[in-house]
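Note that the structure is predicted; figures quoted are calculated from it, not measured. Just so you know, ligand 1 is whichever comes first in the structure, and atom 1 is the first atom listed for that ligand.
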Amino acid sequence: MSLQVQSQVSLKPFNSFGVDVQARLFAEAHSDADVREALAYGLEYKVPVLVIGGGSNLLLTADIDSLVLRMATRGIRVLSDDGSKVVIEAEAGEPWHPFVQHTLAQGLSGLENLSLIPGTVGAAPMQNIGAYGVEIKDVFAGLTALDRQSGELRDFTLQECNFAYRDSLFKQEPGRWVILRVRFALDRAAHLHLEYGPVRQRLTEQGIDHPTATDVSQAICSIRNEKLPDPAVLGNAGSFFKNPLVSAALAARIKGEYPDLVAYAQPDGQMKLAAGWLIERAGWKGFRDADAGVHKLQALVLVNYGSATGLQLLNLAQRIQKDISERFHVDLEMEPNRY
Ligand code: FAD
Ligand code: NAP
């Protein structure tokens, strides 16, 4: 028995919103054996097991009547290296941004646009994390997960993960898979993605005409530090809503009324609207009700000024959804995982 199970643990330090709810039981997994032991414990004592990583994509609306298992497994290894492509594997509990920094320090490119995203390696496939024009599916080389239904390990290929915008098989089958380790195919020669948002502009301002992957990472870190609240200072879960995909006809109707609408054409003919623009245009930016608020600099981010409950944050989110639906006829979908 290496698993240490504690009773009645506050989850405040384990969710980036800083919401103070209690877990009936709490443990950390430092090995695959710990994960299996926690699942066996749950079966024996008839307690559901909720697996979490860094807690940066959670909205906790009540005490959690489960064994909350925080993935704390560590380890990074190179699986293959043909001189140009390197396949690298990391354990689920590895913190994401330090892992990205580690790959860059090894001279490997591919993850630089995903710098400074909070959370763990194991949660990254859950919503196919993405930023600045790159998603993990673009460099994904496989993962190993434990099937909680059969108790067996399974290796997943890219095609088997059903990755889509902020979505995956693992999100579609909640609670079935424990992701144990993830593999990425990275390049020794950088193929940089600079055309998204203000990335190239920031590099130009810094006098960098021929950036390295590390330059791109640093530029993205500086942009993110300016725009996004640090959860250690102001509780948040990043973007609270997904960018909605709407028909070209609806986007054109909204643009007729609001010529400054921010919208991007998708390959399938739909338009992706910037949810942050819709919320800001509806007047919510900087709004605050008790300790639940909309960030002053980025309307897509809901914040906890101190003692907001998950239900207060949820209530604010629902008010925003209703208003956006009435004004623009657009449905906003929440991004964080709600428990
Ligand atoms: P958690 O919040 O702990 O868990 C998320 C979900 O995954 C839960 O349903 C949990 O049950 C499940 N889960 C966690 N680990 C495992 C596992 N090993 N096996 C099975 N299930 C698991 N996201 C982006 O996509 N792009 C961004 O640019 C971005 N920026 C952010 C900026 C800020 C300031 C914040 C606070 C969040 C941001 N996010 C972003 C959201 C979040 O950081 C990511 O979704 C991240 O991958 C969540 O990782 P986590 O370890 O914190 O997961
Ligand atoms: P931004 O650069 O102000 O852009 C606003 C929105 O427009 C973004 O949501 C982005 O969509 C979209 N966009 C911008 N340039 C685009 C382009 N060239 N082509 C297609 N779409 C474009 O956004 P931001 O809020 O500062 O965030 C920057 C990046 O980090 C974004 O990719 C965002 O998704 C990511 N991010 C995610 C989270 C999260 O919690 N999920 C939190 C913070 C930042 P996309 O979101 O689809 O990229």
Requested in this report: Could you tell me the separation between the CG atom of L108 and the CD1 atom of I88, rounded to the nearest 0.5 Å?
Outcome: 6.0 Å
Query raised in the report: Is the shortest side-chain N to carboxylate O distance from R24 to D63 below 4.0 Å?
Result: no
Query raised in the report: Rounded to the nearest 0.5 Å, what separation is found between the CD1 atom of I324 and the NE2 atom of H329?
Result: 11.5 Å
Requested in this report: Using heavy-atom distances, let me know which of P229, G122, A123 sits nearest atom 53 (O) of ligand 1.
Outcome: A123
**Report entry** Interfacing atoms of ligand 2 (cut-off 4.0 Å, heavy-atom, G197)
**Finding:** 15 (N)
Report summary line: Interatomic distance, CZ@R77 vs CZ@R181, rounded to 0.5 Å, equals 6.5 Å
Query - Close approach of Y132 to ligand 1, heavy atoms, under 4.0 angstrom - result: no
Query raised in the report: Hey, is atom 15 (N) of ligand 2 touched by any protein heavy atom at less than 4.0 Å?
Result: yes
**Report entry** Sidechain N-carboxylate O distance under 4.0 Å for R200, E205
**Finding:** no
Query raised in the report: Looking only at distance, does T120 have an N or O less than 3.5 Å from an N or O of ligand 1?
Result: yes
**Report entry** Contacting atoms of ligand 1, where contact means under 4.0 angstrom from a heavy atom of M71
**Finding:** 18 (N)
Report task. For the pair E257 and R281, evaluate salt bridge (charged side-chain N to carboxylate O under 4.0 Å, His left out) and give the outcome as yes or no after the intermediate values. Result -> CA-CA 12 Å; E257 202 174 335; R281 206 71 169 81; over 6 Å; no
Requested in this report: State plainly whether one hydrophobic cluster holds both L11 and V19, where clusters connect Ile, Leu, Val, Met, Phe, Trp and Tyr through side-chain heavy atoms under 4.5 angstrom apart.
Outcome: yes
**Report entry** Centroid-centroid distance, F163 to F156, less than 6.0 Å
**Finding:** no
Query - Nearest option to atom 39 (N) of ligand 1, as decided by whichever heavy atom of I117, V134, N15, L58 sits closest - result: I117
Requested in this report: For atom 2 (O) of ligand 2, grab the closest protein heavy atom and report residue, atom and distance to one decimal in Å.
Outcome: K227 NZ, 4.1 Å
Report summary line: If you scan protein heavy atoms around atom 23 (N) of ligand 1, the nearest is Q127 NE2, 3.1 Å
Query raised in the report: If we only count N/O pairs under 3.5 Å, is I179 in contact with ligand 1?
Result: yes
Query raised in the report: Got the closest protein heavy atom to atom 25 (O) of ligand 2, with its distance?
Result: Q298 NE2, 2.5 Å
Requested in this report: Any atoms of ligand 1 less than 4.0 Å from a non-hydrogen atom of G54? List them with their elements.
Outcome: 3 (O), 50 (P), 51 (O), 52 (O)
Query raised in the report: Do S115 and N113 get their side chains close enough for a donor-acceptor pair, meaning under 3.5 Å?
Result: no
Query raised in the report: Are Y45 and L3 connected, step by step, through hydrophobic side chains (Ile, Leu, Val, Met, Phe, Trp, Tyr) whose heavy atoms are closer than 4.5 Å?
Result: yes
Query raised in the report: With respect to atom 46 (C) of ligand 1, which of P118, A131, G175, G238 exhibits the smallest heavy-atom separation?
Result: P118
Query raised in the report: What residue and heavy atom of the protein are closest to atom 34 (O) of ligand 2, and at what distance?
Result: R166 NH2, 2.7 Å
Query raised in the report: What is the nearest protein non-hydrogen atom to atom 21 (N) of ligand 1, stated with its residue, atom name and distance?
Result: M126 SD, 3.7 Å
Query - From CA spacing to verdict: side-chain contact (heavy atoms from CB on, under 4.5 Å), L143, F170 - result: CA-CA 11 Å; L143 65 75; F170 312 102; 3.8 Å; yes
Requested in this report: Could you list the atoms of ligand 1 found under 4.0 angstrom from a heavy atom of V178?
Outcome: 19 (N), 20 (C)
Query raised in the report: Near G119, which atoms of ligand 1 are under 4.0 Å from a heavy atom of that residue?
Result: 49 (O), 50 (P), 51 (O), 52 (O)
Query - Location of contacts on Y132 toward ligand 2, heavy atoms closer than 4.0 Å - result: both
Query raised in the report: At what distance is the nearest protein heavy atom to atom 16 (C) of ligand 1, and which residue and atom is it?
Result: V51 CG1, 3.9 Å
Query raised in the report: Is N236 touching ligand 1 with its side chain, its backbone, both, or neither, if touching means heavy atoms under 4.0 Å apart?
Result: both
Query raised in the report: Between D32 and R36, does at least one N-O distance fall below 4.0 Å, as a salt bridge requires?
Result: no
Query raised in the report: How long is the gap from CD on Q321 to CD1 on I279, to the nearest 0.5 Å?
Result: 9.0 Å
Requested in this report: Assess R224 for proximity to ligand 1: is some non-hydrogen atom of it under 4.0 Å away?
Outcome: yes
Query raised in the report: atom 43 (O) of ligand 1: which of G130, S56, S16 has the nearest heavy atom?
Result: S56
Report summary line: Tested for side-chain contact (heavy atoms from CB on, under 4.5 Å) against L273, the lone hit among L261, N243, V262 is L261
**Report entry** Winner among R224, K272, H193 once heavy atoms are compared against atom 36 (N) of ligand 2
**Finding:** R224
Report task. For ligand 1, indicate whether the residue I129 contacts it via side chain, backbone, both or neither (heavy-atom separation under 4.0 Å). Result -> both
Query - Proximity to ligand 1 by part of N57, non-hydrogen separation under 4.0 Å - result: both
Query raised in the report: Salt bridge between K322 and E326, side-chain N to carboxylate O under 4.0 Å?
Result: yes
Query - Residue portion contacting ligand 1 (non-hydrogen atoms closer than 4.0 Å) for W177 - result: backbone
Query raised in the report: Where does A237 meet ligand 1, judged by heavy-atom distances below 4.0 Å: at the side chain, the backbone, both, or neither?
Result: backbone
Requested in this report: Kindly say whether the aromatic ring centers of F241 and W284 come within a distance under 6.0 Å.
Outcome: no
Query raised in the report: For atom 9 (O) of ligand 2, what is the nearest protein heavy atom, given as residue, atom name and distance?
Result: N243 ND2, 2.8 Å
Query raised in the report: Given that the side chain starts at C-beta and the backbone is N, CA, C, O, which of these parts of Y339 lies under 4.0 Å from ligand 1, counting heavy atoms, or is it both or neither?
Result: side chain
Query raised in the report: Quick one: do R70 and E28 make a salt bridge, cutoff under 4.0 Å?
Result: yes
Query raised in the report: Y165: heavy atom below 4.0 Å from ligand 2, yes or no?
Result: yes
Query raised in the report: If two hydrophobic side chains count as joined below 4.5 Å and joins carry through other members, does F140 share a cluster with Y132?
Result: no
Query - Residue pair N236, N304: steps toward the side-chain contact (heavy atoms from CB on, under 4.5 Å) verdict - result: CA-CA 6 Å; N236 74 91; N304 175 7; over 6 Å; no
Report summary line: atom 35 (C) of ligand 2 has as its nearest protein heavy atom A131 CB, 3.7 Å
Query raised in the report: Going by the atom numbers of ligand 1, which of them fall below 4.0 Å from some non-hydrogen atom of N337?
Result: 5 (C), 6 (C), 8 (C), 9 (O)
**Report entry** atom 7 (O) of ligand 2 [closest protein heavy-atom partner, distance rounded to 0.1 Å]
**Finding:** Y264 CE1, 3.3 Å
**Report entry** Ligand-side contact atoms (ligand 1) for residue partner G55, heavy atom cut-off under 4.0 Å
**Finding:** 1 (P), 2 (O), 3 (O), 50 (P), 52 (O)
Requested in this report: Name the closest protein heavy atom to atom 17 (C) of ligand 2, giving the residue it belongs to and the distance to 0.1 Å.
Outcome: Y196 CE1, 3.2 Å
**Report entry** Protein heavy-atom partner closest to atom 43 (C) of ligand 2 - residue, atom, separation in Å
**Finding:** L228 CD1, 3.6 Å
Query raised in the report: Considering the options E91, R154, E89, R183, which one meets the side-chain hydrogen bond (donor to acceptor under 3.5 Å, both in side chains) requirement together with T144?
Result: R183
Query raised in the report: Against heavy atoms of G53, which atoms of ligand 1 measure under 4.0 Å?
Result: 1 (P), 3 (O), 14 (C), 15 (N), 51 (O)
Query - Note: K242-D167 ion pair, threshold 4.0 Å (strictly below) - result: no
